[in-house]
Amino acid sequence: MPKITVQYFAILREQRGLSEESLDTTESNPANLYAKLAAQHGFTLPSKSLRVAINDEFASMDQSLKDGDAVTFIAPVAGG
Amino acid sequence: MPKITVQYFAILREQRGLSEESLDTTESNPANLYAKLAAQHGFTLPSKSLRVAINDEFASMDQSLKDGDAVTFIAPVAGG
Amino acid sequence: MFSLTPFRIEDLPKPAAPSSVGATVIFEGIVRDVNDDHQVEALEYEAMESLAVKEGAKILAQALAKFPIESAECIHRTGLLQVGEVAIRVVVSAAHRKEAFGACEFIVNEVKSRVPIWKKEHYSGGATEWINADQM
Amino acid sequence: MFSLTPFRIEDLPKPAAPSSVGATVIFEGIVRDVNDDHQVEALEYEAMESLAVKEGAKILAQALAKFPIESAECIHRTGLLQVGEVAIRVVVSAAHRKEAFGACEFIVNEVKSRVPIWKKEHYSGGATEWINADQM
């Protein structure tokens with residue numbers, strides 16, 4: 001089963017209660033992975049408001065995940 | 001005859017060779033006064049490119065001049 | 001240069017401009033005391049540093065390609081900031097002012113909408129709230 | 001405050017902003033080394049001080065009436081300036097950035113077109129020229 005690292009920042013970090021975790025998962029893409037994690041941990045942000053980064057690059061929510069990927073779900077930003 | 005003070009700045013100051021002079025003049029307004037001074041001193045700026053200040057306030061080129069007025073012909077500005 | 005920094009931006013020197021520069025426009029985004037009628041005591045910024053620095057550099061490169069400017073820099077703070085502190089500074093230099101203004105505003109807008117930095121408001125009374133995280 | 005000053009603008013402190021300010025936009029107009037393909041060595045600014053200060057104050061008042069901003073300041077140097085020196089600085093503070101940018105650009109444009117300040121370029125080789133005084 002592919003091993004994926006998930007990083008959390010800001011509201012997602014607080015709702016998850018940690019900054020990073022390693023998961024063995026069969027979810028095929030970030031969208032499915034987020035849906036599963038949201039159900040498990042009660043994330044309040046809907047999937048459509050998120051962007052995702054894979055290995056520190058912006059990516060698509062339906063990009064295939066492969067073993068070793070680092071996935072970051074990016075809540076709506078608010079810099080400045 | 002009304003006594004008028006004329007102040008010169010920048011290119012007009014250089015072309016006149018002084019910063020201020022007192023004139024006894026019968027010219028009725030700044031436009032006529034400038035025409036006379038331009039002919040006398042070879043000012044290169046056409047009257048239509050100038051603005052005028054009377055007693056440190058912007059004024060019209062056809063405002064009547066009265067005794068004691070301080071007149072400044074304002075070449076096109078170039079601040080900043 | 002796009003950088004995230006823990007230092008007070010106010011204390012950093014501004015970049016020196018080459019002699020072909022005729023206009024510099026500087027934007028400073030400052031923590032203010034009120035937002036949506038809430039009394040703000042402090043702001044907490046959190047960044048995904050790896051991607052924020054990359055995305056910030058991309059924005060500056062886009063500004064340099066899109067506008068005839070000489071240089072563009074952006075510094076963004078992270079961590080807890082008090083009211084009155086500078087959270088972001090953008091400095092753009094150009095031969096002429098119109099492009100300096102345009103590029104500076106472009107960079108600020110893009111940073112605010114694209115760079116993975118998040119902001120949590122701390123209100124008087126102790127409540128906190130992540131900005132933009134509720135109304136999607 | 002609109003002021004003409006003989007000091008180096010770079011050495012003056014910037015005004016402190018009240019806590020309701022979220023955005024400060026600063027414009028600096030700098031003496032650059034080339035204009036219309038002429039190699040510029042220095043610029044000489046001359047002002048009709050009495051009227052310039054009055055007209056400058058009027059422009060700032062107009063900006064404060066036209067834009068929802070908190071404060072607006074403008075300093076303009078006079079005398080001989082070398083390449084790289086700041087000739088004019090405009091500082092606008094507002095709750096929000098859009099208005100700070102708009103008001104700052106408005107003030108710069110108005111000062112350049114209305115305030116009685118003149119500029120003489122000194123070229124390498126010794127020639128000089130009053131700007132805007134030839135093509136009317």
**Item:** Stepwise side-chain hydrogen bond (donor to acceptor under 3.5 Å, both in side chains) test for Trp130(C) and Glu14(A)
**Value:** CA-CA 10 Å; Trp130(C) 287 101; Glu14(A) 289 190 351; 3.0 Å; yes
**Asked** More than 12 non-hydrogen atoms from neighbouring residues, nucleotides or ligands closer than 6.0 Å to CD on Glu49(C), yes or no?
**Response** no
**Greatest number of heavy atom pairs closer than 4.5 Å to chain A - which of Pro116(C), Cys74(C), Ala52(C)** = Pro116(C)
**Prompt:** Can you pull out the residues in residues 59-74 of chain A with any heavy atom less than 4.5 Å from chain C?
**Reply:** Thr72(A), Ile74(A)
**Request:** For chain A, find which of Lys120(C), Glu55(C), Glu46(C) contributes the most heavy-atom pairs closer than 4.5 angstrom.
**Result:** Glu46(C)
**Request:** With a 4.5 angstrom heavy-atom cut-off, could you sort out which part of Ile88(C) is near chain A: side chain, backbone, both or neither?
**Result:** side chain
**Prompt:** In terms of heavy-atom proximity below 4.5 Å to chain C, should Glu57(A) be classed as side chain, backbone, both, or neither?
**Reply:** both
**Prompt:** Do side-chain atoms of Asn132(C) reach the backbone of Val77(A) as a donor and acceptor pair under 3.5 angstrom?
**Reply:** yes
**Ile131(C) backbone acceptor or donor facing Trp118(C) side chain under 3.5 Å** = no
**Asked** For Pro46(A), does its backbone N or O pair with a side-chain atom of Tyr34(A) as donor and acceptor, under 3.5 Å?
**Response** no
**Prompt:** Who pairs with Leu18(A) by side chain to side chain contact (heavy atoms under 4.5 Å, CB included), at least two apart in sequence or on another chain?
**Reply:** Tyr8(A), Arg16(A), Glu21(A)
**Asked** Does the Arg51(A) side chain pair with the main chain of Arg114(C), one donor and one acceptor, at a distance under 3.5 Å?
**Response** yes
**Prompt:** Of the backbone (N, CA, C, O) and the side chain (C-beta and beyond), which part of Lys112(C) lies under 4.5 Å from a heavy atom of chain A, both, or neither?
**Reply:** both
**Message:** Applying the side chain to side chain donor-acceptor pair (under 3.5 Å) criterion to His122(C), which one of Glu44(C), Glu129(C), Glu41(C) satisfies it?
**Reply:** Glu44(C)
